[in-house]
Amino acid sequence: MSTGPLSPAAPASRPRMTFGGLAALKANREPIVMVTAYDYPSAQIAEAAGVDMVLVGDSAAMTVLGHESTVPVTVDEMVMLTAAVRRGLSTPLLVADLPFGSYEGSDEQAVATAQRFVKTTGCDAVKIERGGSSVDRARAIVAAGIPVMGHVGLTPQTAATIGGYRAQGRTAEEAVALCESAVALQDAGCFAIVFEAIPSAVTEAIMPRLEVPVIGIGAGPAADGQVLVFHDLLGIYDGHAARFVKRYADVRSAMLAGVTAYADEVRSRAYPAPEHGYGMPAEEAARLRAILDASTPPQARRA
């Protein structure tokens with residue numbers, strides 16, 4: 001159990017990020033910083049670190065919920081996680097992934113799911129994967145007044161249909177198809193697009209053809225910004241790390257050491273020590289014993 005409530009998010013010392021501010025960063029060639037977050041404490045960290053955007057990714061299926069892919073996560077689960085993150089953020093733009101099966105069926109389904117996220121979580125935008133029919137879904141959501149972020153390249157929701165978790169666009173023909181999908185998403189009204197697991201040369205070739213910010217994850221330095229999974233960059237997640245992941249901390253080792261030390265101290269009775277308890281006046285303790293003794297049958301006292 002916690003010993004007290006978490007500290008509230010620190011007051012913002014910089015203006016809140018807007019979609020216009022995001023476009024200005026691109027225009028000024030200032031790199032855009034994006035991370036994922038899945039709960040209130042990680043949102044607070046993202047806020048304090050001064051990132052520009054936070055994505056509540058469906059990667060939560062793996063990093064938080066223990067699934068082997070992103071596919072099983074539900075709308076209800078993503079809504080709960082996004083609402084928690086919203087409570088920890090003041091400044092960054094908040095984007096929520098629409099999970100697999102919640103938007104592909106029709107424009108009406110896509111709009112209804114996006115509206116639920118915005119109304120119940122307070123997110124600023126939603127993200128959908130792929131080109132193709134997803135372009136139509138993006139256009140419909142944008143027409144309903146909800147900002148959309150696109151996503152091309154490695155799209156984890158449909159990884160099985162594109163040969164698994166591997167880089168996309170390795171041939172000229174595949175790269176052209178990625179470019180066409182990205183341009184189509186831009187034309188549909190997406191305010192930004194994620195490029196995932198795309199050769200750096202492909203990103204460089206496509207960038208001049210796009211006016212909206214491109215956020216890379218394993219797509220090279222030419223992108224307008226970068227995004228990494230919170231649990232990957234901090235070394236919390238113990239699963240396989242993709243080639244593009246750089247670990248900036250080893251939080252899992254620190255967590256393991258802390259919990260192990262706690263378990264050792266409980267078993268050795270070193271914890272709790274006197275300073276971890278609450279006191280009682282001696283006279284009150286004596287009165288308590290007298291009251292309990294008077295109310296306890298003699299046979300029970302002897303036992």
Exercise. Could you state whether Tyr248 and Val35 fall into the same hydrophobic cluster, counting links through intermediate Ile, Leu, Val, Met, Phe, Trp or Tyr residues with side-chain heavy atoms under 4.5 angstrom apart?
Key: yes

Quiz item: Do Val183 and Leu210 come close enough that some side-chain heavy atom pair is under 4.5 Å?
Solution: yes

Quiz item: Are Asp224 and Met207 side-chain neighbours, meaning at least one heavy-atom pair lies under 4.5 Å?
Solution: yes

Exercise. Report, as yes or no, whether the 6.0 Å neighbourhood of atom CD on Glu211 holds more than 12 heavy atoms from other residues, nucleotides or ligands.
Key: no

Quiz item: Strictly by modelled atom types, are Ser134 and Glu129 linked by a side-chain donor-acceptor pair under 3.5 Å?
Solution: no

Quiz item: Hey, quick one: are Met255 and Tyr38 part of the same hydrophobic cluster, counting side-chain heavy atoms closer than 4.5 Å, chains of contacts allowed?
Solution: yes

Quiz item: Taking atom types as modelled, is there a side-chain donor on Glu77 or Thr74 under 3.5 Å from an acceptor on the other?
Solution: yes

Quiz prompt | Pairing residues for Asp136 by the side-chain contact (heavy atoms from CB on, under 4.5 Å) criterion, not counting sequence neighbours | solution = Asp107, Arg139

Exercise. State, yes or no, whether a side-chain contact exists between Arg137 and Thr113 at a heavy-atom distance under 4.5 Å.
Key: no

Self-check item: Note, Val176 side chain near Glu180 side chain (heavy atom, < 4.5 Å)
Solution: yes

Quiz prompt | Min side-chain heavy-atom separation Cys123-Val118 under 4.5 Å | solution = yes

Exercise. State which residues pass ring pair (Phe, Tyr, Trp, His ring centres under 6.0 Å) with Phe19; sequence neighbours excluded, sorted by chain then number.
Key: Phe191

Practice problem: Output all residues satisfying side-chain contact (heavy atoms from CB on, under 4.5 Å) with Ala273, sequence neighbours left out; order by chain, then residue number. | Solution: Glu275, His276

Quiz prompt | Sub-4.5 Å side-chain heavy-atom contact between Ile146 and Phe117 | solution = no

Self-check item: Note, Ile206 side chain near Phe195 side chain (heavy atom, < 4.5 Å)
Solution: yes

Quiz item: Should His231 and Val64 count as side-chain neighbours, where that means a heavy-atom distance under 4.5 Å?
Solution: yes

